[in-house]
Amino acid sequence: MKEKDWNDDNLTMTIVSQHCFGDDSEAPSFSISIIENMKDEYGLFLWPCNVVLTEYVWQHNHRFSEASVVELGARTSLPGLVAAKLDACVTLTDDFTRLGVLGLT
């Protein structure tokens with residue numbers, strides 16, 4: 001059997017990550033599922049800084065309620081999605097040539 005590597009066209013690394021938000025871990029206010037693909041585009045998976053920024057948005061929710069938010073290079077758009085759940089008016093942007101990425105937003 002052939003050993004697969006990162007350059008093998010048949011290799012796909014797709015996961016679904018679940019992100020829960022709320023004061024009670026047993027019954028979160030809401031959750032967001034993100035389909036992540038580690039092979040095709042850098043924009044199709046969550047970078048650690050993306051999760052940190054999202055946590056900041058959640059922890060400072062009073063700043064984002066009814067605010068106008070533009071997420072440049074949104075990719076998986078987790079911070080923007082959370083801001084939208086906090087009643088912000090959100091615009092998500094990304095590179096128009098990255099159709100795989102834009103299909104997620």
Side-chain angles (χ1 to χ4, degrees):
M1 181 171 187
K2 178 182 161 192
E3 184 175 328
K4 297 185 185 227
D5 62 27
W6 287 102
N7 296 320
D8 190 336
D9 289 336
N10 297 319
L11 181 63
T12 307
M13 292 189 61
T14 301
I15 62 167
V16 176
S17 60
Q18 184 86 14
H19 306 273
C20 299
F21 300 90
D23 297 328
D24 182 3
S25 62
E26 297 295 319
S29 299
F30 65 93
S31 64
I32 297 174
S33 298
I34 304 266
I35 299 170
E36 299 183 62
N37 186 330
M38 303 292 234
K39 181 181 176 204
D40 294 336
E41 298 281 343
Y42 286 120
L44 295 176
F45 63 90
L46 284 169
W47 291 71
C49 58
N50 199 304
V51 176
V52 171
L53 177 58
T54 302
E55 188 60 33
Y56 176 87
V57 170
W58 176 251
Q59 293 297 323
H60 294 89
N61 55 48
H62 61 282
R63 292 180 161 195
F64 293 91
S65 180
E66 299 183 12
S68 295
V69 174
V70 177
E71 188 175 349
L72 303 174
R75 305 299 168 128
T76 57
S77 50
L78 184 60
L81 292 172
V82 170
K85 290 295 282 185
L86 297 171
D87 293 325
C89 178
V90 178
T91 301
L92 304 173
T93 68
D94 214 306
D95 183 352
F96 74 93
T97 63
R98 306 280 191 210
L99 298 179
V101 173
L102 290 176
L104 295 174
T105 57

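In terms of the side chain to side chain donor-acceptor pair (under 3.5 Å) criterion, residue partners of S17 (sequence neighbours excluded) are, by chain and number, H19, E36. With sequence neighbours excluded, no residue forms a side-chain contact (heavy atoms from CB on, under 4.5 Å) with E66. Checked against side-chain contact (heavy atoms from CB on, under 4.5 Å), L81 has the following partners two or more places apart in sequence or in another chain: I32, I34, S77.
Atom CG of N61 is separated from atom CG of D87 by 10.5 Å, given to the nearest 0.5 angstrom. Separating the CD atom in E71 from the OG1 atom in T76 is a distance of 7.5 Å, to the nearest 0.5 Å.
For residues 48-73, the ring-ring contact (aromatic ring centres under 6.0 Å, His included) pairs, not counting sequence neighbours, are F21-W58, F30-W58, Y56-H60.
Nearest heavy-atom pair across L92 and G80 is CD2-CA, 4.0 Å. Across every non-hydrogen atom of L86 and V57, the tightest pair is CD1-O, 3.7 Å. Here the closest non-hydrogen pair linking G22 and S29 is CA-OG, 3.7 Å. Contact between V69 and A83 at its shortest, heavy atoms only, is CG2-CB, 4.4 Å.
Members clustered with V52: none, using a 4.5 Å side-chain heavy-atom cutoff among hydrophobic residues. Cluster partners of V70, using a side-chain heavy-atom cutoff of under 4.5 Å among ILVMFWY residues and allowing indirect links, are L72.
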